[in-house]
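Take this structure first; my questions come after.
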Amino acid sequence: MHAVTIVDGKLEWREHPDPSPGPGELLVAVRAAGLNASDMLQRLGLYPAPPGVPADVPGLELAGEVVAVGPGVQRFGAGDRVMAVVGGGGQAELAVVHERTAIPVPDRISWEMAGGFPETFTTAHDALFTQCGLAMGERALVHGAAGGVGTAGVQLAVVAGAQVTATVRNPGHREAVAAFGATVVAPDGLAGHGPFDVVLELVGAPNMAANLEGLALGGRIAVIGVGAGAVAEVNLHALMARRGRIHGSTLRPRPLEQKADAARKVEAHVLPFLAAGRVTVPVAATFPMAEAEAAYDHFSAGGKLGKVVLLAPGAAR
């Protein structure tokens, strides 16, 4: 098989041995793989792959067809369309996925949408609902709402019955994000929109002072992105006065049990909305997988709405 391969900080389309599925695993012919900030960091040597995952082949999410199964697989078989969050290695013609983390792809969903769904929607759902307990009628604030996780977070909060405010830096993307059901403002335009029960922080340190200022009593702040900075000064008096919580999270290093739990929650609570068209995966751009270097450059340039997705040969549908 061929795979996107990190070679001295560059990306090459190189040949690798075909992987084979072990117990409980699926061998998937990858059709599409979304790009994420973690891939950018791994390329720079700043986010190494977990043990047992190819160190030089990036890719945290994929969609494709099952071509073989390992011993003990019970749920999926050859020909099934699946998508999944993986520890790495997703940007390849073939990848191994544990069946407990695999999610079926609804019939109407294209490969490019499926390839950009698992990591973003799992991350957003886990942060908003599993960790923060967002409830119907609560007020949610999503920072960086034009990105992949941001657009997912806005849509999930809206369909759950929350009142959603979203910050979007690029004026050209605000109308599109507002179409998902959110009140969209510039990052410095939050006055009068709070207080917020849940804040989904995808930008980082520059927003923390405003997050605390706008937090409701018992409010929760989930930090899952720090692209604009990781070190912030926190007014603990403000946090105490609001009886608030700040917590951070990553998805990639979690053990199988936790990843499987997150996948089943997404399948139960989000997949029906995807299948019915009530949530979607906005795709900013697609690139052939063999042209990963250009795709990574496009992602790194910023200013996009939604996902950048790599398409493998044979990903016509």
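The chain is numbered in sequence order, starting from 1. What's counted below: heavy atoms across the whole structure, side chains too, no hydrogens, waters or symmetry copies. Nothing here was measured: the structure is a model prediction, and the numbers come from that model.
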*asked:* Please determine whether the number of non-hydrogen atoms from other residues, nucleotides or ligands lying under 6.0 Å from atom CZ of R169 exceeds 12.
replied: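 No, the 6.0 Å shell around CZ holds no more than 12 heavy atoms from other groups.
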
*Are the ring centres of F129 and H269 closer than 6.0 Å?*
no

_Assess the residue pair H193 and T183 against the criterion (side chain to side chain donor-acceptor pair (under 3.5 Å)); give the C-alpha distance rounded to whole Å, side-chain angles, the decisive distance to 0.1 Å, and a yes or no._
CA-CA 9 Å; H193 290 283; T183 298; 5.4 Å; no

*Which distance, rounded to the nearest 0.5 Å, do you find between the CD of Q42 and the CD1 of I6?*
4.5 Å

*Would E267 and R75 satisfy salt bridge (charged side-chain N to carboxylate O under 4.0 Å, His left out), going step by step from the backbone distance to the final call?*
CA-CA 14 Å; E267 183 173 352; R75 184 178 181 194; 2.2 Å; yes

*Spell out, yes or no, whether V168 and V185 are grouped together once hydrophobic residues are joined by side-chain heavy atoms under 4.5 Å, including indirect joins.*
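V168 does not cluster with V185.
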
*Indicate, with yes or no, if the rings of H125 and F121 have centres closer together than 6.0 Å.*
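No - the distance between ring centres of H125 and F121 does not fall below the 6.0 Å cut-off.
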
_So for atom CZ, which belongs to R264, do other residues, nucleotides or ligands contribute more than 12 heavy atoms lying within a distance under 6.0 Å?_
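Buried by this count: over 12 neighbours within 6.0 Å.
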
*Distance-only polar pair, side chains of T280 and Q155, donor-acceptor under 3.5 Å*: no

_Restricting to side chain to side chain donor-acceptor pair (under 3.5 Å), what partner residues turn up for E93, sequence neighbours left out?_
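With sequence neighbours excluded, E93 shows a side chain to side chain donor-acceptor pair (under 3.5 Å) to no residue whatsoever.
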
Side-chain donor/acceptor pairs under 3.5 Å, residues 45-62, sequence neighbours excluded:
{"residue": "E61", "atom": "OE1", "partner": "E119", "partner atom": "N", "Å": "2.7"}
{"residue": "E61", "atom": "OE2", "partner": "N36", "partner atom": "ND2", "Å": "3.2"}
{"residue": "E61", "atom": "OE2", "partner": "K307", "partner atom": "NZ", "Å": "2.6"}

*Please report the closest heavy-atom contact between G88 and R252, naming both atoms and the distance.*
CA-NH2, 4.2 Å

_Test of understanding: with side chain to side chain donor-acceptor pair (under 3.5 Å), list the residues that count as partners of T101, not counting sequence neighbours._
none

*From Q91 atom CD to M289 atom CE, the distance as rounded to the nearest 0.5 Å*: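 These two atoms lie 6.5 Å from each other.
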
*Checking salt bridge (charged side-chain N to carboxylate O under 4.0 Å, His left out) for the pair R254/D126: CA distance, chi angles, key distance, verdict?*
CA-CA 12 Å; R254 296 187 191 183; D126 178 76; 2.8 Å; yes

*Under a 4.5 Å side-chain heavy-atom rule over Ile, Leu, Val, Met, Phe, Trp and Tyr, are V30 and M1 clustered together?*
no

*Does W111 reach the side chain of R81, with side-chain heavy atoms less than 4.5 Å apart?*
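Contact flag for W111/R81 side chains = yes.
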
